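Structure provided below as structure tokens; questions to follow.
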Number of protein chains: 2
Amino acid sequence: MQAAGTDRPATIHDIAAMCGVAASTVSRALSTPERVNIRTRARIEAAAAELNYTPNSQAKALSSGRTGAVGVLVPDITNPFYFDLIRGTQLQLKAAGYTQLLVDTEESDEVEASTLEQLRKSADGIIVAASRLSDESLLAAAARIPMVTINRDVAGVPAVIIDTPSATSQALDHLISLGHSRVAYIAGPLTSQSSERRWAALTEAAQDRGVEVRSLGPFAPKTQSGAAAADAAVHSGVTACIAFNDLIAIGMLQRLRERGIRVPEEMSIVGCDDIFGADFCNPPLTTMASPIEQAGRVAVSMLLAQLNPLAGGGIRNRSVMPTHLTVRSSTASARNS
Amino acid sequence: MQAAGTDRPATIHDIAAMCGVAASTVSRALSTPERVNIRTRARIEAAAAELNYTPNSQAKALSSGRTGAVGVLVPDITNPFYFDLIRGTQLQLKAAGYTQLLVDTEESDEVEASTLEQLRKSADGIIVAASRLSDESLLAAAARIPMVTINRDVAGVPAVIIDTPSATSQALDHLISLGHSRVAYIAGPLTSQSSERRWAALTEAAQDRGVEVRSLGPFAPKTQSGAAAADAAVHSGVTACIAFNDLIAIGMLQRLRERGIRVPEEMSIVGCDDIFGADFCNPPLTTMASPIEQAGRVAVSMLLAQLNPLAGGGIRNRSVMPTHLTVRSSTASARNS
DNA sequence: CGATTAATGACAACCGATTGCCAAGTAGTT
DNA sequence: AACTACTTGGCAATCGGTTGTCATTAATCG
């Protein structure tokens with residue numbers, strides 16, 4: 001049964017007319033119930049239910065200054081790494097009554113910057129994954145709107161860091177224990193801080209252990225780049241590779257298979273992120289597994305803590321997510337040569 | 001160099017004050033340029049540029065009734081099938097100056113219905129992929145807000161249909177040509193119209209060709225369901241399976257490997273959608289490839305045609321995307337038994 | 001050169017909510 | 001009974017735009 005009347009969504013004015021009170025009373029009854037007589041409130045709530053009232057979020061945003069939306073920026077929606085991240089943010093945001101505005105910044109700093117500017121008015125806060133912006137730009141943006149970054153460490157900007165660097169040295173130890181002594185790091189984009197941090201951790205660990213590592217690349221974080229990466233690795237004479245991420249690693253697997261180079265017998269491959277597909281590619285990929293969905297949730301929690309400072313605990317401005325090595329079948333003993 | 005002044009975003013009033021004109025003139029200069037003196041317009045545009053003005057989308061939405069946003073509803077964000085779809089809609093929407101509101105309806109008709117109701121005020125139109133709602137609910141919703149469905153055929157609601165049914169009979173022919181005569185269809189969710197339509201196409205084709213097909217399931221469209229599906233298929237004695245989608249098919253591959261049943265020698269598997277991963281799983285999956293990203297773009301075009309009826313061509317209310325079989329290594333001749 | 005018409009821009013109402021302010025009403029206190 | 005203190009709810013301004021109405025000015029034409 002629908003109430004008779006127009007098809008247009010009900011407003012507080014409709015409710016007010018129905019109950020014979022002022023619109024402001026309706027607004028109060030719904031947002032600050034304790035400031036309105038309990039019987040009046042009951043009448044208003046009944047009328048609201050009957051009219052199937054839902055507040056107009058635009059109007060609410062305009063008058064209150066809060067939009068109830070949070071922007072989530074990722075460099076590439078089709079990268080499976082972000083699947084779980086997005087799901088994590090989506091679930092947590094919905095639970096808190098926020099709407100997620102998802103934007104693909106196409107790995108471009110310009111798109112990212114203009115999106116940031118636009119979102120400044122239409123979102124209450126922003127979560128930026130794997131930002132391609134400079135530290136200065138990011139810091140400036142964070143000063144204008146509450147922000148949490150993921151995998152981007154800039155002083156003064158709250159961040160969730162997935163601790164792949166420490167897993168990187170685990171991966172190196174794993175390879176060393178298998179007898180490898182010449183290892184390549186397949187680098188990601190130059191603008192990626194994650195790639196930089198991993199390489200730094202790797203060179204340091206290599207020095208400690210007395211093995212040789214070299215960096216190849218940079219390569220775009222896509223499976224298609226895997227072919228070039230594989231060729232470069234073979235040419236460089238290493239027996240094992242640690243790839244910037246699973247996409248590249250999977251691409252390498254495909255290329256090596258095409259070239260008849262057996263994995264792991266002739267070349268060991270370690271990926272990063274444990275994305276969808278890492279467990280069923282051929283061979284299944286040894287990789288550094290990250291709690292990605294959880295990272296998304298934590299980022300949302302940190303952002304909401306900024307938005308509603310009253311509610312409970314203090315603001316954490318840095319959260320490090322542990323990462324561990326998951327060994328599958330793409331790594332094995334170095335061949336005797 | 002930033003203009004001196006407050007940190008608050010500039011409004012048309014700031015521009016008006018700067019140029020010594022009324023706010024409405026500024027509004028007209030920016031939205032109906034031909035109704036304003038060209039010199040005044042130039043001054044206003046210069047001022048807007050200098051103040052780094054961006055219109056407040058909330059205010060715009062409130063007064064004009066248009067939000068500039070389009071809702072995109074998918075049942076499961078982490079299903080790779082939707083990533084290409086989402087990318088297609090995102091690109092096309094951005095090109096047209098719209099914002100995408102992405103919502104994961106969690107395969108739930110209730111979440112879908114309430115999202116639809118909420119979006120009615122905060123979006124100009126909606127794209128619903130693989131709806132779980134009843135025909136009636138969908139039709140009622142479409143009467144309230146411009147809508148395009150994807151893979152859901154309801155009279156009166158514009159739709160983009162990915163023509164997997166016809167590919168299904170191609171797949172059956174492929175299997176028949178390999179000598180298979182006992183084939184199972186691994187069904188998707190009961191509420192999925194796609195699954196229903198594929199099964200209908202399959203039974204019809206089977207009858208024409210005089211082979212036996214049976215339906216197993218329903219199974220949830222996730223890799224985890226593949227184990228149960230694989231066991232059911234083995235138990236039923238078929239030599240080939242056509243799966244509802246690639247996720248299930250990949251899950252089956254994994255399970256069959258665990259059980260030591262060789263694919264394709266002992267069991268042939270055909271997937272559907274050609275998602276990320278179908279080409280590098282083990283063995284690479286024979287599957288029905290769909291132009292998913294294109295489907296997303298087409299859906300957006302159809303929706304925009306509804307929103308702006310003036311611009312050019314008439315409104316198509318149904319668009320069928322062709323699909324074809326991509327043969328890889330998960331299908332082969334039936335073993336002699 | 002005067003009149004008709006079109007171009008231009010200012011004013012103000014409006015979209016649907018929030019919120020500060022104040023008046024009316026109620027209860028409790030002495 | 002008078003007074004204070006608190007509760008309740010209405011009025012009106014406000015957010016930042018859009019848009020209808022109308023007066024003014026400029027251009028075109030006879």
Side-chain angles (χ1 to χ4, degrees), chain A residues 6 8-45 47-48 51-69 97 99 117-124, chain B residues 6-45 47-48 51-69 97 99 118-124:
Chain A
T6 70
R8 179 182 46 78
T11 72
I12 52 169
H13 297 98
D14 300 329
I15 299 177
M18 196 173 201
C19 298
V21 299
S24 59
T25 304
V26 177
S27 175
R28 286 214 178 76
L30 298 174
S31 52
T32 9
E34 71 278 6
R35 296 201 29 72
V36 169
N37 183 299
I38 189 161
R39 298 169 57 191
T40 311
R41 193 211 310 176
R43 266 166 52 219
I44 289 175
E45 283 170 350
L51 293 175
N52 196 21
Y53 169 78
T54 326
N56 179 312
S57 54
Q58 264 77 33
K60 205 168 199 165
L62 186 54
S63 59
S64 69
R66 278 166 275 113
T67 65
T99 302
E117 182 59 29
Q118 201 210 315
L119 248 36
R120 191 177 152 203
K121 282 138 180 164
S122 42
D124 293 343
Chain B
T6 70
D7 191 28
R8 178 181 49 78
T11 72
I12 53 170
H13 297 98
D14 299 329
I15 299 177
M18 197 173 200
C19 298
V21 299
S24 57
T25 304
V26 177
S27 173
R28 288 215 175 74
L30 298 174
S31 52
T32 10
E34 71 279 4
R35 293 198 38 70
V36 168
N37 183 296
I38 190 162
R39 298 170 58 192
T40 311
R41 193 210 311 175
R43 266 167 53 221
I44 289 174
E45 283 170 352
L51 293 175
N52 196 20
Y53 169 77
T54 326
N56 178 312
S57 54
Q58 264 78 33
K60 205 168 200 165
L62 187 54
S63 58
S64 69
R66 277 165 277 113
T67 64
T99 301
Q118 200 211 317
L119 248 36
R120 190 175 153 205
K121 281 139 182 162
S122 43
D124 293 343

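Quantities reported herein were computed from a predicted structural model and do not represent experimental measurements. Heavy atoms only: backbone and side chains are in, while hydrogens, waters and symmetry mates are out. First the proteins, then the strands, lettered A, B, ... as listed; each starts at 1.
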Any sub-3.5 Å donor-acceptor pair from Lys121(B)'s side-chain atoms to Thr54(A)'s backbone N or O?
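Such a contact is found between Lys121(B) side chain and Thr54(A) backbone.
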NA contact type, Arg41(A), heavy-atom cut-off 4.0 Å: base, sugar-phosphate, or nothing?
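Here Arg41(A) touches no strand at all.
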Using whole Å, what does the distance between atom C1' of nucleotide dG16(C) and atom NZ of Lys121(B) come to?
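The answer, rounded to whole Å, is 11 Å.
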Residues in side chain to side chain contact (heavy atoms under 4.5 Å, CB included) with Ala17(A), at least two apart?
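Scan of Ala17(A) (side chain to side chain contact (heavy atoms under 4.5 Å, CB included), adjacent residues dropped) gives none.
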Mind checking whether Met18(B) and Ile15(B) have side chains closer than 4.5 Å, heavy atoms only?
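When only atoms from C-beta onward are counted, Ile15(B) and Met18(B) do not touch, as no gap falls below 4.5 Å.
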Which heavy atom of Ala69(B) sits nearest to which heavy atom of Ser122(B), and what is that distance?
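Residues Ala69(B) and Ser122(B), closest heavy atoms: CB-O, 3.8 Å.
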Of Val36(A) and Ala59(A), the one whose closest DNA chain D nucleotide lies more 5'
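Comparing both residues, the 5'-ward one is Val36(A).
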Whole-Å distance between dT18(D) P and His13(B) NE2?
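My rounded result for the distance is 11 Å.
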Side chain of Ser63(B), heavy atoms from C-beta onward: which of dT18(D), dA17(C), dT19(C) has the nearest atom to it?
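The answer is dT18(D), which lies nearest to the side chain.
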Would you say dG17(D) has OP1 or OP2 under 4.0 Å from some side-chain N or O of Tyr53(B)?
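For Tyr53(B), the contact criterion (side-chain N or O under 4.0 Å from OP1 or OP2 of dG17(D)) is met.
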Minimum heavy-atom separation for Leu62(A) to Ala59(B), with atom names?
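It is CD1-CB, 3.9 Å.
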Does anything in residues 17-28 of chain A come within less than 4.0 Å of DNA chain C? Heavy atoms only, and list the residues if so.
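The stretch gives Ser24(A), Ser27(A), Arg28(A) as the residues lying under 4.0 Å from the strand, ordered by number.
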Closest to side chain of Lys60(A), choosing from dG17(D), dA17(C), dG9(D):
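Output: dA17(C).
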Given atom CD1 of Ile38(A) and atom P of dT7(D), what is their separation to the nearest angstrom?
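Value for this atom pair: 15 Å.
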Just the rounded figure in Å: distance from C1' of dG9(D) to CD1 of Ile12(A).
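Going from Ile12(A) (CD1) to dG9(D) (C1'), I get 14 Å.
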In whole angstrom, what separates Asn37(A)'s CG from dG25(C)'s C1'?
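Interatomic distance, CG of Asn37(A) to C1' of dG25(C): 11 Å.
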What's Thr40(A) touching, base or sugar-phosphate or nothing? Going by heavy atoms closer than 4.0 Å.
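It contacts sugar-phosphate atoms only.
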What is the separation between atom CD on Gln58(A) and atom P on dA17(C), rounded to the nearest whole Å?
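Rounded to whole Å, this separation is 11 Å.
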Please find the pair of heavy atoms, one from Ile12(B) and one from Ser27(B), that lie closest to each other, and give the distance.
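Minimum heavy-atom separation between Ile12(B) and Ser27(B): CD1-CB, 4.5 Å.
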Side chains of Thr11(B) and Asn56(B), heavy atoms from C-beta outward: is any pair under 4.5 Å?
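Not in contact.
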Mind checking whether Glu34(A) and Thr32(A) have side chains closer than 4.5 Å, heavy atoms only?
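A side-chain contact under 4.5 Å exists here.
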Can you establish whether the number of heavy atoms outside Gln118(B) located under 6.0 Å from its atom CD is more than 12?
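12 or below, so no.
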Calculate the interatomic distance between Leu62(A) atom CG and dG17(D) atom P; express it in whole Å.
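Value for this atom pair: 9 Å.
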Tell me the interatomic distance from Arg66(B), atom CZ, to dG17(D), atom P, rounded to whole angstroms.
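Taking atom P of dG17(D) as the reference, CZ of Arg66(B) is at 15 Å.
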Identify the two heavy atoms, one from Arg41(B) and one from Ala29(B), that lie closest to each other, and give their separation to 0.1 Å.
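Of all heavy-atom pairs spanning Arg41(B) and Ala29(B), the closest is CG-O, 4.0 Å.
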Compute the bend angle of the helix from dC1(C)-dG30(D) to dT30(C)-dA1(D) from the end axes (five pairs per end), rounded to 10°.
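Helix axis angle between the two ends: 40°.
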Name the nucleic acid region contacted by Arg39(B), choosing base, sugar-phosphate or nothing; use a 4.0 angstrom heavy-atom cut-off, strictly under.
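No contact.
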5′-ward residue of the pair Ser64(B)/Arg35(A) relative to DNA chain D:
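Mapping each residue to its closest nucleotide by heavy atoms, the 5'-most match is Arg35(A).
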